[in-house]
2 protein chains.
Amino acid sequence: MLKHKHDHNVCIETALEAAQKICEKRETRFTPLRRRVLELVWTKHEPITAYEVLDLLSEGQKRVAPPTVYRALDFLIEEGFVHRIESLNAFVGCSDPEHKHQGHFMICTKCSNVTEMNEASLHSVIERAAKENGYTYENSILEIAGVCANCRN
Amino acid sequence: MLKHKHDHNVCIETALEAAQKICEKRETRFTPLRRRVLELVWTKHEPITAYEVLDLLSEGQKRVAPPTVYRALDFLIEEGFVHRIESLNAFVGCSDPEHKHQGHFMICTKCSNVTEMNEASLHSVIERAAKENGYTYENSILEIAGVCANCRN
DNA sequence: GCCCTGATTGTTATTGAATATCAAGTCATC
DNA sequence: GATGACTTGATATTCAATAACAATCAGGGC
Ligand SMILES: [Zn+2]
Ligand SMILES: [Zn+2]
Ligand SMILES: [Zn+2]
Ligand SMILES: [Zn+2]
């Protein structure tokens with residue numbers, strides 16, 4: 001959460017190991033490419049665009065093509081390791097990949113830091129609103145823009 | 001709301017007249033181009049993409065360029081006559097343009113019909129969630145996907 | 001081992017979404 | 001009718017995502 005105050009390498013390692021284990025359990029293939037893309041998404045807590053991932057992935061080798069990145073991202077999203085931030089056309093690692101869910105986010109307009117909210121109360125309010133409007137709920141995106149605590153002072 | 005059960009020309013006319021009056025009051029310029037783009041956005045209740053607007057706008061005349069459409073849309077969004085649906089890269093007319101707000105939507109995954117929710121309760125829950133996470137609220141997008149009442153049977 | 005099959009990755013090309021930049025036109029005001 | 005702000009036109013480019021097909025890889029049955 002407070003990105004300025006932790007060893008981010010631990011975050012990355014944790015995420016990679018969790019993904020590894022989940023894929024073993026689900027019998028899906030956590031290939032070197034997919035692993036590398038997930039690592040790159042985690043290089044910062046801030047959202048990263050597909051083309052930034054592409055640039056990083058291409059360093060020191062022949063430039064990869066967009067489908068390579070998008071396919072890996074699709075897999076990671078499908079498995080719940082990564083979320084897409086619609087309002088930014090960008091991607092961010094999920095810190096709770098065990099339980100599949102789609103993310104609800106706060107986005108700081110100053111520092112681009114992103115906080116994922118896992119509050120059940122929010123979820124239930126949203127599902128109830130859907131029901132009241134006659135809709136059968138499938139999923140939802142919630143992206144709140146504001147200024148985070150760090151940036152306010 | 002129930003798009004199959006009303007004279008949509010009335011919707012369009014109402015929206016255009018409302019926009020006209022609001023612009024007079026605010027002393028902003030509701031030019032023919034902007035009026036025409038708003039009319040095209042309202043040609044269906046479903047969200048419409050910028051390039052669909054572009055195609056319609058270009059019919060029977062020299063093809064207009066993307067900036068023409070995007071500038072008009074920017075104006076209409078700024079004035080609150082149109083909302084952007086982030087998850088669809090598309091635009092939809094607002095049926096309550098008097099009071100500026102950003103929209104919260106339900107989107108039917110079968111028929112693409114869109115319902116704007118104006119529920120104060122939702123809004124307050126979202127603002128409270130922001131506060132609890134230490135953020136100063138600026139704005140938010142909420143887009144719920146599901147199946148509408150019409151499509152369920 | 002070898003073949004078959006399905007999944008993954010590579011490659012080329014294209015579509016779709018949005019913006020940067022500068023030129024030309026419009027319109028009110030002095 | 002000259003000035004300056006706003007609006008529209010026009011050209012080019014960037015960024016985002018997908019289509020289509022070829023090549024490669026992994027595992028199972030023979
Ligand atoms: Zn970290
Ligand atoms: Zn911040
Ligand atoms: Zn609205
Ligand atoms: Zn429907």
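In what follows, chains carry the letters A, B, and so on, assigned in the order in which the sequence lines appear, proteins first and then strands, with residues in each chain numbered from 1.
Side-chain contact annotation: A:H123 with A:E127, donor-acceptor N/O pair under 3.5 Å present.
In this structure, A:I107 and B:Y135 approach most closely via the heavy-atom pair C-CE2, 3.8 Å.
A:H99 contributes no side-chain N or O that, together with a main-chain N or O of A:P97, makes up a donor-acceptor pair within less than 3.5 Å. Proximity of a side-chain donor or acceptor of A:S58 to a complementary backbone N or O of A:V64 within less than 3.5 Å is detected.
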- request: Test A:H83 against A:H104 for side chain to side chain donor-acceptor pair (under 3.5 Å), laying out the working first.
  value: CA-CA 9 Å; A:H83 294 296; A:H104 293 164; over 6 Å; no
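Nucleotides of DNA chain D lying under 4.0 Å from heavy atoms of chain A occupy a range whose first and last members, 5' to 3', are D:dA16 to D:dA26.
Note that the CZ atom of B:F30 and the CG atom of B:L38 stand 5.0 Å from one another [nearest 0.5 Å].
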query: What does nucleotides 8-24 of chain C look like as a protein-contact string, B for base, S for sugar-phosphate only, - for none, at under 4.0 angstrom between heavy atoms?
result: SBBBB----BBBB----
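Take B:N139 and apply the side chain to side chain contact (heavy atoms under 4.5 Å, CB included) test, not counting sequence neighbours, and it matches A:A145, B:Q102.
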